[in-house]
Amino acid sequence: MVSLISSAHDINNSRQFFLHHRLESSNSVGELKQIHAFIIKKGSPQFQIRLLHDKIKSLVESSSCNENLTYACSLTKHLQNTHLFNSIIQCLSASNSKTNSREAISLYREMLIQGLLPNTYTLPYVLKACAKSRSLTVGQQIHAHSLKTALLSNVYVFNTLMRLYAVCGTIEAVHKLFHFQPGSRRDLVSWTTLIQAYVKIGYPKVAILSFFDMCQASLRPDGMTLVIVLSACSKLADLNLAIKIHRYILDNNLNTDVFVDNALVGMYLKCGRTHFACKVFDEMPIKNVVSWNSMITGLVRQGKFKEALDKFRRMQAIGLKPDDVTFVGVLNSCANLGLLELGKWVHAYMDKNDIRADGFIGNALVDMYAKCGSIDQAFRVFQGMKCRDVYSYTAMIVGLAIHGEAQKALEVFSEMSRVGIEPSEVTFVGVLSACSHAGLVEEGCKHFDDMSKVYNLKPQTAHYSCMVDLFGRAGLISEAVELVKYMPLVPDAFAWGALLGACKIHGKVELAEIAVKKLVKIEPEREGAYILMSNVYSSAYRWKEAMKLRKIMKERKLKKTPGCSSVEVDGEVHEFRKGDKSHPKSIEIYKLLEEITNHSKNIFTSAPFEG
DNA sequence: GTAGGGTTAG
């Protein structure tokens, strides 16, 4: 067949154009085969490959149809050409399917079996497939081929091999490979891959040091490098470093990329500098959905939920379509502000736009309904989820525990174990607080023990506090005291608060006095401990001490957390604090409030059965 | 014909 092809004359230009057009519009493999047969008769192998490349690409992309893929692969048997193998391996490794990546690796094997040698294009393609399918062992074999064939001296081969080791988490291999390669053979991509490997593995400091080394080696970073460097700064949350890198970017005119600006916004928010982030954000010449998401999620992380929702509203006002990341931020804000209506609106939007309540967004929806008091709706969403992970189960368990539905929370926990999802530390906070509220001492103790024995999780202060609460509520005061005394971590305000709460229920005045002293030491500014203690005195009819404590509170001018309420009108949140007159309609609001008060007074002071 | 990029949870 090869001799037949090589002896044929090439097709003229107009015919080439015609064939190209026919190939593009052909939808069936049958038709493709006919056209291909014609090309085999009339064209050179190079022409066939060039012409077939795009078609192969679309065949691979629609490889849900096996016939297409089989046909594309069968071409390699007839043509036995490195370029064609490269084309198909490239197409297969470009797709996100693991099956296609594995198919790419098999084709590489087939190529070697046919006696063809890989070139500088083959190895980057097949290494990309190895990285996508996390095929480290095959990658190591290809590493050996690259040494044997001297292809490792090619910078593309070298970089993709480094990337393979990086995504497989073998940082030592990345480090070794990079430092054994002569400096002249390393380019910006090599450095970027190295820096990214350090960030991914959790060494942001080493990543930054490598970036400085790169600058020392007189390489100028581009947008891609900077995005990774900025993400390392974010992880370190080091403001001084952040400012230094930002200045470097400005001085060198490197912020010409929306990706870099987004990373800057995210970095400043991670460092807790909202106004810096806003400044970068406001001055961005181009903003995309990720820019808005960075802003929204950054504000949510800082607990600035109202501001996050303001940003969401502005994003809507300019007509930018939100995506699932946006909604996770919005749902999170709703959960923390108790905005059920807005949360419901997001859910309706999701239904309307075929966004499935799964993954991140499904979990955020469960959490929102649970925190906004709609525990039944949270449960319905949870049950409707196709795949539930540790986050879904935890959100559900914690939600049920908050609502006092201990039994149901424990049932969900058993289901979680049954389906083989490993719980996390947070799951146990939910489980233990459920036990505590339901007075299930034995069960609580068992779960607490299981944490370390079965699940290899180290109990944290929050778990000890739950146990103190569990013992305290059940009246097992000495067990609660023992735990506070001998716990391996320093008891926090929750632990002492739980003990104080138990003292109030069970009238333990002396012990309460010890607990309150500790509590005041930890939180001297807050009035909660004093109020609780004064209640302990009152419950024991020790009025004098109770009065004395209230006097001390007055003298120390303790900060009272102002009562705060919020209402949601047409999706906008209005917050009110005691004595707060910052609302734009404050005058009208207070006027109406006075009218309502007077009206109520009139009702209550007027004689019964009158009007 | 080739390699490296950002935002998401309990």
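Within every chain, numbering begins at 1; the chains are lettered A, B, ... in the order of the sequence lines, protein sequences first and strands thereafter.
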Is the shortest side-chain N/O distance from Arg301(A) to OP1 or OP2 of dT8(B) below 4.0 Å? yes
How is Thr120(A) classified with respect to the nucleic acid when contacts are heavy atoms under 4.0 Å: base, sugar-phosphate, or nothing? base
Is the aromatic ring of Tyr391(A) within stacking range of dG10(B), meaning centres under 5.5 angstrom and planes under 30 degrees? no
Tell me whether Gln80(A) contacts the main-chain N or O of Gln114(A) through its side chain, where contact means a donor paired with an acceptor under 3.5 Å. no
Would you kindly give the CZ-to-C1' distance between Phe312(A) and dT7(B), to the nearest whole Å? 15 Å
Does Thr192(A) make a side-chain donor-acceptor contact with the base of dG5(B), cut-off 3.5 Å? no
Checking dA9(B), dG4(B), dG10(B) against the side chain of Val328(A) (C-beta onward), the nearest is dA9(B)
With heavy atoms under 4.0 Å as the rule, sort Ile296(A) into base, sugar-phosphate or nothing. nothing
In whole Å, what is the span from the CG atom of Leu92(A) to the C1' atom of dG1(B)? 15 Å
Mark yes or no for whether Arg163(A), through its side chain, and Thr193(A), through its backbone, hold a donor-acceptor pair below 3.5 Å. no
Options dG10(B), dT8(B), dG4(B), nucleotide nearest the side-chain atoms of Met224(A): dG4(B)
Residue Thr193(A), side-chain heavy atoms: nucleotide from dG10(B), dG4(B), dG5(B) that is nearest: dG4(B)
Base, sugar-phosphate, or nothing: which does Val258(A) touch, judged by heavy atoms less than 4.0 Å apart? nothing
Is a side-chain N or O of Ser97(A) found less than 3.5 angstrom from the main chain of Asn100(A), in a donor-acceptor match? yes
Among dG10(B), dT2(B), dA3(B), which is the nearest nucleotide to the side chain of Ala395(A)? dG10(B)
Between Phe327(A) (CZ) and dT7(B) (P), how many Å, whole number? 20 Å
Given dG4(B), is OP1 or OP2 found less than 4.0 Å from the side-chain N or O atoms of Arg186(A)? no
Ignoring the backbone of Tyr125(A), work out which of dG1(B), dG10(B), dG5(B) is nearest its side chain. dG1(B)
Between dT7(B), dG10(B), dG4(B), which nucleotide gets closest to the side-chain atoms of Val189(A)? dG4(B)
Is there a stack between Phe259(A) and dG5(B), judged by ring centres under 5.5 Å and planes under 30°? yes
Base, sugar-phosphate or nothing for Gly223(A)? Non-hydrogen atoms, less than 4.0 Å. base
For Arg185(A) and Phe158(A), indicate whether the former's side chain and the latter's backbone hold a donor-acceptor pair under 3.5 Å. no
Would you mind classifying the nucleic acid contact of Asp187(A) as base, sugar-phosphate or nothing, using non-hydrogen atoms under 4.0 angstrom? base
Nucleotide dA3(B), atom P - distance to CD of Gln196(A) in whole Å: 14 Å
Proximity of Tyr393(A) and Phe413(A) rings by center, below 6.0 Å: no
Can you tell me how far C1' of dT7(B) sits from CG of Asn293(A), to the nearest Å? 5 Å
For Leu254(A), does its backbone N or O pair with a side-chain atom of Asn252(A) as donor and acceptor, under 3.5 Å? no
For Asp367(A), answer base if it contacts any base atom (sugar-phosphate contacts may also be present), sugar-phosphate if it contacts only those atoms, and nothing otherwise; contact means non-hydrogen atoms under 4.0 Å. sugar-phosphate
Need one value for Thr225(A): base, sugar-phosphate or nothing, where a base atom within 4.0 Å counts as base even if backbone is also close, heavy atoms only. base
Heavy atoms only, 4.0 Å cut-off, all strands: where does Asp323(A) land among base, sugar-phosphate and nothing? nothing
Presence of salt bridge, Lys311(A) and Glu307(A), under 4.0 angstrom: no
Centroid distance under 5.5 Å and plane angle under 30°, Tyr393(A) vs dG10(B): no
Can you tell me which nucleotide in dG4(B), dG10(B), dT7(B) comes closest to the side chain of Val325(A)? dT7(B)
Within less than 4.0 Å of OP1 or OP2 of dG10(B), is there a side-chain N or O belonging to Asn332(A)? yes
Considering just the side-chain nitrogens and oxygens of Arg163(A), establish if one lies under 4.0 Å of OP1 or OP2 belonging to dA3(B). no
Nearest to the side chain of Asn363(A), which nucleotide is it out of dA3(B), dA9(B), dG5(B)? dA9(B)
Quick one: is dA3(B) close enough that its OP1 or OP2 comes under 4.0 Å of any side-chain N or O from Lys128(A)? yes
Tell me which nucleotide among dA3(B), dG1(B), dT8(B) gets nearest to the side chain of Val155(A). dA3(B)
So, does Asn353(A) use its side chain to make a donor-acceptor pair with the main chain of Ile355(A) at under 3.5 Å? no
At under 4.0 Å between heavy atoms, what does Thr427(A) touch on the DNA or RNA strands: base, sugar-phosphate, or nothing? base
Could you state the CG-P distance from Leu457(A) to dG10(B), rounded to the nearest angstrom? 18 Å
Starting at OH of Tyr198(A) and ending at P of dG5(B), how long is that distance when rounded to a whole Å? 18 Å
In whole Å, I'd like the distance from the CE atom of Met368(A) to the C1' atom of dG10(B). 15 Å
What nucleotide, of dG10(B), dT8(B), dG1(B), holds the atom closest to the side chain of Tyr121(A)? dG1(B)
